[in-house]
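Step one of this worksheet: look at the structure below.
So that the names make sense, note that chain A is the first sequence line, chain B the second, and so on, each numbered from 1.
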Amino acid sequence: MKKIFQFIYISTFLFLGLLDKSIAQQIGDLNGIYYQAVAIDENGKEIVGMDIEGKPLYNKTIGVRFSITKGLNGAVQWEETHITNTDKYGLFTLIIGKGNRSANSLYTRLLDIPWIDADQFLKVEISTKNDSIYKLVSNQQFMSVPYAFYTDDIADDAITTNKILDLTIQNQDIANGTIDLTSKVTNVLPVKNGGTGDATLTNNSLLLGKGTNPVQALGQATNGQIPIGATGSGPVLANITAGKGVIVTNGPGSIEIATGGTSTGAMNIGIISTGQSFLSPPITVPGVSLGNIIVASLDTDLKGCFVSAYVSAQNTIRIAIFNPSFSAVSFGTANVKIWVVQ
Amino acid sequence: MKNIILLICFFGVQLVSTAQSSITIEAAQLITKFKFKDSDKTKLNKEYTGIFTNSYGVGFRYDLNNGLLFRLGLSMRNGGANLNYDDSEYSWRLKYFEPKLGIGYLYKINKISPYLMVFGYFGYLVQGSQILNNEHFNIIESEQLKRSDFGLNFSPGVDIVLHDRISTNIEFNYLLGLSNLEKDTDQKSSNTALGLTLGLSFSISK
């Protein structure tokens, strides 16, 4: 008996879903694998003379079942069926992933298959009469194609949130020193991840930590204001207050703290006879009041004379000079310096 | 034994003395096809459809007065068939060089006489092609079929005398091939044909 061998395929072409020109940049659209083949009559026919063998199934409706297994004849990760028509050359083209997925499929999406394992086999079966009686055509391991290699180099702007398979880039996905976050982060970066936890910050404000909550701003400071701690609450912006005898001067970016009451001025004393005193006219010194200590000195030789100063009235002092010596002392005009202790 | 030889000689003399010899030419319109059994011995005759073709030839005719008729011929006969399978057309075109020898009986009435002939033929394939979906294959080169064929041809007809030395005959033909055309002995195919032959006989007897 003449044996007629089964030839189902003349050619088979497999390539990842090249659905349009934006191939590698449309990762989310790669949910199909093109499959193209020529279906050939598996049985042939005995006729007079040269028998019919390897005849393509022209313009026929056929059934095709694709199974993706983990290893050769391993667990079925994907299984789907197609019904298609061959063309006048027996050629048919299908997209694996676009068929009727069967309940045997372990995954619901083609992209969910752990391709990273790289141990998938594609089993192809054909029902030449579309009667759900399938015959095995091929069972071969998936191999890489050029476009799969291309994914080793991600195109500019190719990665967007919805294009990442599990919506999460995990640490092990990223090589050290490869990410420049200058303009790549949107939304608020939490404090725990190194951000401020807030969308905006007040201009010229001072920032305070607040646990895992967004950083707190103290607001814009005026001249001389500094953050000052307060028991039971956060620091506050405040000025240094001048106490008695101290003058605090707040400037932009500076605080000057000085002792208060020192003043200098010229005074015509003239000649003080022996046993006589000189009493200055009232000198206005703002801030002095009765009870304050006034210390005065002259920038000339006192020749044994005593100098004293006192508060004669609010904001007014007087300077007295007594000559206890046996001769008159001429002072003329001298500069007098006073120091007020309040 | 001597008596037998004498008897044969007597009848032989009788045959020659009462016979008429003629040269014949003939042409036939045929419908030919194949009978075919596949390797499972399944008859698939009905899958083949006949083709219109022809044959032509020359011959020698020998008539006895007692109605016996002998014919010897050389002809070219075309054969073949068509097959439609799975929306594809297949066809065969064969040409045989065919010596044949026949015997029959002519019932002489007047100028129109019916007869019945039975020929045995031996055909030799001189041209053969198999056409598979518009692709031609030379069967002789590919040696898919045997080059020889033999069988029987049953031919009832009428002979019409047109002149003292000229007659014409019209006969129906049923050709039955008895040889398996296939070289593969698991399959069996043979020629078969129906036809209508028109012939002329020119008497060469004195």
Side-chain angles (χ1 to χ4, degrees), chain A residues 1-12 36-65 82-94 124-138, chain B residues 32-45 47-49 51 79-94 125 128-147 149 177 180-192:
Chain A
M1 177 175 178
K2 180 176 287 186
K3 181 65 180 174
I4 297 175
F5 295 98
Q6 296 182 353
F7 293 98
I8 298 297
Y9 282 86
I10 289 176
S11 60
T12 300
Q36 193 172 53
V38 174
I40 294 176
D41 188 348
E42 61 183 339
N43 296 318
K45 182 173 177 62
E46 294 180 28
I47 59 174
V48 174
M50 189 180 300
D51 292 337
I52 302 171
E53 293 176 351
K55 173 184 172 294
L57 292 172
Y58 308 113
N59 299 315
K60 289 290 181 185
T61 299
I62 61 172
V64 182
R65 181 163 65 191
H82 295 255
I83 296 173
T84 187
N85 295 316
T86 63
D87 66 8
K88 61 181 180 181
Y89 304 108
L91 186 71
F92 66 93
T93 302
L94 296 171
V124 183
E125 299 162 289
I126 287 187
S127 171
T128 55
K129 295 178 180 176
N130 189 27
D131 55 2
S132 298
I133 299 174
Y134 292 95
K135 294 189 176 177
L136 179 66
V137 171
S138 66
Chain B
T32 69
K33 58 182 289 189
F34 295 124
K35 289 183 176 179
F36 181 69
K37 282 183 185 176
D38 65 13
S39 55
D40 293 329
K41 309 303 178 192
T42 304
K43 278 188 179 180
L44 301 172
N45 299 342
E47 293 186 353
Y48 295 84
T49 56
I51 60 171
N82 287 337
L83 170 68
N84 183 290
Y85 171 68
D86 200 20
D87 296 332
S88 297
E89 293 293 336
Y90 302 83
S91 60
W92 293 258
R93 296 294 182 266
L94 310 176
L125 187 65
S129 64
Q130 183 171 354
I131 303 162
L132 304 180
N133 215 27
N134 296 323
E135 193 171 357
H136 288 248
F137 297 92
N138 188 322
I139 287 180
I140 295 175
E141 288 181 357
S142 63
E143 299 182 343
Q144 294 287 329
L145 295 181
K146 292 177 183 173
R147 298 196 70 170
D149 180 30
N180 184 8
L181 301 179
E182 301 280 344
K183 283 195 171 180
D184 182 343
T185 54
D186 288 332
Q187 299 174 354
K188 190 170 184 179
S189 60
S190 58
N191 282 304
T192 181

- Item | Over 12 foreign heavy atoms within 6.0 Å of NZ, Lys43(B) | no
- Task: Provide the closest heavy-atom pair for Asp51(A) versus Gln187(B) in the form atom of the first, atom of the second, distance.
- Result: OD2-NE2, 3.2 Å
- Of all the heavy-atom pairs spanning Val48(A) and Ser189(B), show the shortest one and how long it is. CG2-CB, 3.8 Å
- chain A contact via Ile139(B) - which portion, at a heavy-atom distance below 4.5 Å: neither
- Item | Expected output: side-chain Tyr90(B) to main-chain Ile52(A) donor-acceptor under 3.5 Å | no
- Nearest heavy-atom pair of Trp92(B) and Ile47(A): which atoms, and what distance? CZ2-CD1, 3.7 Å
- Top residue by heavy-atom pair count (under 4.5 Å) with chain A, among Phe137(B), Phe36(B), Tyr48(B), Phe34(B)? Phe36(B)
- Note on the structure: To the nearest 0.5 Å, atom CD of Glu182(B) lies from atom CD of Glu46(A) at 9.0 Å
- Message: At a 4.5 Å cut-off on heavy atoms, which part of Glu143(B) comes close to chain A: side chain, backbone, both, or neither?
- Response: neither
- Check each atom of Tyr85(B) against the heavy atoms of chain A and say whether the ones under 4.5 Å are side chain, backbone, both or neither. both
- d(Met50(A) CE, Leu145(B) CG) to nearest 0.5 Å is 9.5 Å
- Side chain, backbone, both or neither of Leu83(B) within contact of chain A (heavy atoms, under 4.5 Å): side chain
